[in-house]
Amino acid sequence: MDLQANIKKSIVIAFKEVYQVDLEEKAIVLQPTRKEFEGTYTLVTFPFAGRLRQSPEAVANAIGEYLKESSSEIADFNVLKGFLNLVIADNIWVEVFNNILNTENYGQNETNDKTVMVEYSSPNTNKPLHLGHLRNNFLGYSLAEILKAGGYKVVKANLVNDRGIHICKSMLAYQKWGNNETPSESLKGDHLIGKYYVEFDKNYKVEIEALVDEQKVNYPAIAATTSVKELKDALKKKKDLTDDEKKQIETIKEIYTYAEKNAPSFLEAQEMLRKWEAGDEKTVALWKQLNNWVYDGFNHTYKLIGVDFDQFYYESDTYLLGKDIVNEGLEKNTFYKKEDDSVWADLSNTKLDDKLVLRGDGTSVYITQDMGTADLKYKDYSVDKSIYVVGNEQDHHFKVLKTILGNLERPYADGIYHMSYGMVELPNGKMKSREGTVVDADDLVGGMIDIAKERTDEQGKIDGFTEDQAQELYKMLALGALKYFILKVDPKNTILFDPEESIEFQGNTGPFIQYNHARICSLMRKADEMGVSYTKDVSLSNLETLEVELISLMSTFPDVIKDAGEKYAPSIIAQYAYDLARTYSRFFNECPIFKNDSEEVIQFRLTLSYGVGKVIEKAMKLLGIGVPERM
RNA sequence: GGUCCUGUAGCUCAGCUGGAUAGAGCAACUGCCUUCUAAGCAGUAGGUCCCAGGUUCGAAUCCUGGCGGGAUCACCA
């Protein structure tokens, strides 16, 4: 039963009967009534007033009067200016609630026979996951769950970036300084490799500076300076540069570019990449070993944060894909070749600049393999939609990719969607791996679990818990706080990650919602002791405002799920879960459940609590957050 | 410079398919545990919704132009 739709139908009839006008159901917009007025839905009559040559107030009164008389759903109404507030009959709410109770897996939309792939996480295998990856993982996982609940068949995919110059860098450093170190309890594989990646970078930087200073003699504009780096930093800070200084900057850039490409260790890394691509046995063996360590480390983290995948793609398998598509593009004249044999996608039909898709030497670039992988995904799953959960720094890239695939007349091109999300910034600025200001994912989660333990223990709320149960609760609360903190924000906004605030357990937080679930479970336990149980068929004729509010909120859940899926916004679910928990919390305080004379009321409120608990549980599940039975 | 995103309370964020007196949380202050979990509830205080025009009965919301913040415009991935 769709209450809103029924009311709209009644309104259409009302307009026909009262004013002899035909309205489309779509033209009628019902909005939630503001808290300070009585009623659940509000019809705004301003738009009709002009047409009917009546005051908005008169229209509202006439329609309200008609509805009250003729519609069993409308118990009462009130009018303020052009706002017609409709009060729904309590027995209708009871009916709505019974419907919810008797709907299996309430919230789940009917299947739509469509398949969608959600690619997320997609890490580089040269360093451990950090806070930015956490946002990606939480968003991807949640979106996948939301789409499932929205009726899609979902494939969660992870495209692992396991090859390339950056991988060779850590391999090289390990080869040089690794002394056959292996992962251990205290240093798992991804962290181990990350350590060597940092080592490489440190050494590389030293080499660059040395090379730069060596080169400066060839450049009169800066030859006299003692340290190029100091000069560079000084110029960076300065405003209103003179022409000479601007020239110096250009020169410095030039030298750095040269140094970056000619530093010994960089050349070595390049050489290693060539060997890898040639299939050199030793190189490939090292690569395999180190990558496997990293995967073990990642799997540990994935398990810790509770995300999973149905399909892994590896760039070492896919990086050569896409070259056929380049030929196809040339044949279809949507690509063209330049004099140096490089191939470009013609994007003159858009605002975008033409894009290189194959280098002059025949090697591919990032977008080449992305085209190939897109084909592969379609081949594997004939997906109707393909979602890429990738940061907003790649907005342009995905615009180009989608356009190119469209020009190539790929049937799936329209279904490509870049779920772009904003960066995660720290109170003192951006995270920069080179400056050591990254927040490591494992450390962060570990730290939050510790804090969850502290808070819980000091409240003395784990009496009777086994050690395992306690540990499980700490983890559930820690991840609940973290995931909710990140998911409640609209994906496209930049997040300011304040470690202090993210572990708050009060107010608009994950634990607050979890707490309300635990309270409900506590009621259920008490009911059990008292020999009362919830029912699948409540009957009651008189409801409290908060009871109506709860039922009304619950009734919108399937639509909220659909909306969140259409907007690719887990934040909508987060907001909903909080609204429901908060409303329940007020109900809990104002409406005693057991301390009540009427058997009927006790059973109704108990059942209402049960229903709310179920919806909270399901909503949180869509965010990848578990709910405890006690806390 | 071009393109895209963004600017709402001291702070973190909702609201943005136009609708009533702009909402939450945190922080501050005041109440409420012999009664179902106080990780809670109730209340007080806090706003030029970046600015200026425009459209409209009505604009935080739509349009135009500014200003501030961010991303991007690689033969990097």
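Every chain is numbered from 1, with letters handed out A, B, ... down the list of sequences. Basis for what follows: all heavy atoms, side chains included, without hydrogens, waters or symmetry-related copies.
Across B:C36, B:G19, B:U72, the shortest atom-to-atom separation from the side chain of A:Lys526 is found for B:C36. Here the side chain of A:Leu523 is nearest to one of B:C75, B:G40, B:C36, namely B:C36. Closest to the side chain of A:Arg455, out of B:A39, B:A77, B:U37, is B:A39. Taking the side chain of A:Arg586 as heavy atoms from C-beta on, and the options B:A42, B:A14, B:A20, the nearest nucleotide is B:A42. Comparing B:C75, B:U21, B:U37 against the side chain of A:Ala518 picks out B:U37 as the nearest. Comparing B:U37, B:A39, B:A20 against the side chain of A:Gln459 picks out B:A39 as the nearest.
Sequence order on RNA chain B of the closest nucleotides to A:Leu84 and A:Asn161 puts A:Leu84 first from the 5' end. Nearest-nucleotide mapping onto RNA chain B: of A:Ser342 and A:Ile520, the residue sitting toward the 5' end is A:Ile520.
Taking the six-membered ring for Trp and the full ring otherwise, the centers of A:Trp287 and A:Tyr314 sit at least 6.0 Å from each other.
Both geometric conditions, a ring-centre gap below 5.5 Å and a plane tilt below 30°, are not fulfilled together for A:Phe588 over the base of B:G40. Remark: ring of A:Tyr515 does not overlap the six-membered base ring of B:G40 in a stacked fashion, as centroids less than 5.5 Å apart with planes less than 30° apart are not both met.
Remark: A:Arg163 is positioned above the aromatic ring of A:Tyr319, its terminal NZ or CZ atom under 6.0 angstrom from the ring centre and at most 45 degrees off the axis.
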task: Mind running side-chain hydrogen bond (donor to acceptor under 3.5 Å, both in side chains) on A:Tyr584 and A:Ser609 for me, showing each step along the way?
output: CA-CA 8 Å; A:Tyr584 182 80; A:Ser609 299; 2.8 Å; yes
field: ring pair (Phe, Tyr, Trp, His ring centres under 6.0 Å) between A:Phe83 and A:Phe46, intermediate numbers included
entry: CA-CA 8 Å; A:Phe83 299 94; A:Phe46 290 95; 5.6 Å; yes
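B:G70 sits 15 Å from B:U12 when the P atoms are compared, rounded to a whole Å. For the P atoms, the distance linking B:A22 with B:C50 amounts to 15 Å, nearest Å. The same atom, C1', is picked in B:C49 and in B:U6; the two are 14 Å apart, to the nearest Å.
Within the 4.5 Å cutoff, side-chain heavy atoms of A:His396 are placed close to those of A:Leu352. Taking the side chain as every heavy atom from C-beta outward, A:Ile520 and A:Phe588 never approach each other to under 4.5 Å. For the pair A:Tyr366/A:Gln394, a side-chain contact is recorded, criterion being any heavy-atom separation below 4.5 Å from C-beta on. Contact of the A:Asn508 side chain with the A:Tyr484 side chain is registered, since non-hydrogen atoms from C-beta on lie closer than 4.5 Å.
Other residues, nucleotides and ligands place no more than 12 heavy atoms under 6.0 Å from the CD atom of A:Glu24.
Across all strands shown, B:U3 forms a Watson-Crick or G-U wobble pair, both distances under 3.5 Å, with B:A71. Under the Watson-Crick or G-U wobble criterion, with both distances below 3.5 Å, B:U61 is left unpaired in every strand shown. Figure legend. B:U37 is base-paired to no nucleotide; pairs are counted as Watson-Crick or G-U wobble with both atom distances under 3.5 Å. Base-pair partner of B:U55: not found among the strands shown (Watson-Crick or G-U wobble, both distances under 3.5 Å). For B:C49, there is no paired nucleotide, since no Watson-Crick or G-U wobble pair has both relevant distances below 3.5 Å. Base pairing of B:G25 is made with B:C11, judged by Watson-Crick or G-U wobble geometry with both donor-acceptor distances under 3.5 Å.
A donor-acceptor contact under 3.5 Å is formed by the side chain of A:Asn85 with the base of B:A20. For B:A20, the base has a donor-acceptor partner in the side chain of A:Thr42 [N/O atoms by modelled type, under 3.5 angstrom].
Proximity of A:Thr494 to the phosphate of B:G70: no side-chain N or O atom is located under 4.0 Å from OP1 or OP2. Using a 4.0 Å cut-off, some side-chain N or O of A:Arg359 falls inside it from OP1 or OP2 of B:C76. OP1 or OP2 of B:A77 has not a single side-chain nitrogen or oxygen of A:Tyr366 nearer than 4.0 Å. Listed pair A:Arg519 / B:A38 meets the phosphate criterion, a side-chain N or O lying under 4.0 Å from OP1 or OP2.
At least one donor-acceptor pair under 3.5 Å links the side chain of A:Ser170 to the backbone N or O of A:Ile167.
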Check nucleotides 1-10 of chain B against the protein and report each pair of N or O atoms closer than 3.5 Å, with its distance, or say if there are none.
from : atom 1 : to       : atom 2 : distance (Å)
B:U6 : OP1    : A:Lys492 : NZ     : 3.4

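When only modelled atom types and interatomic distance are considered, A:Asn516 and A:Tyr578 share no side-chain donor-acceptor pair under 3.5 Å.
Among the heavy atoms of the strands, none lies under 4.0 Å from A:Pro56. Across all strands, A:Leu496 comes closer than 4.0 Å only to sugar-phosphate atoms, never to a base (heavy-atom distances). Residue contacts for A:Ser585: at a heavy-atom cut-off of 4.0 Å it reaches the sugar-phosphate backbone alone, with no base atom in range.
Looking at A:Asp361 and A:Arg359, no side-chain N of the basic residue comes within less than 4.0 Å of a carboxylate O on the acidic one, giving no salt bridge.
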query: What string of B, S and - do you get for nucleotides 23-34 of chain B, 5' to 3', when a contact is any protein heavy atom under 4.0 Å?
result: SSSS--------
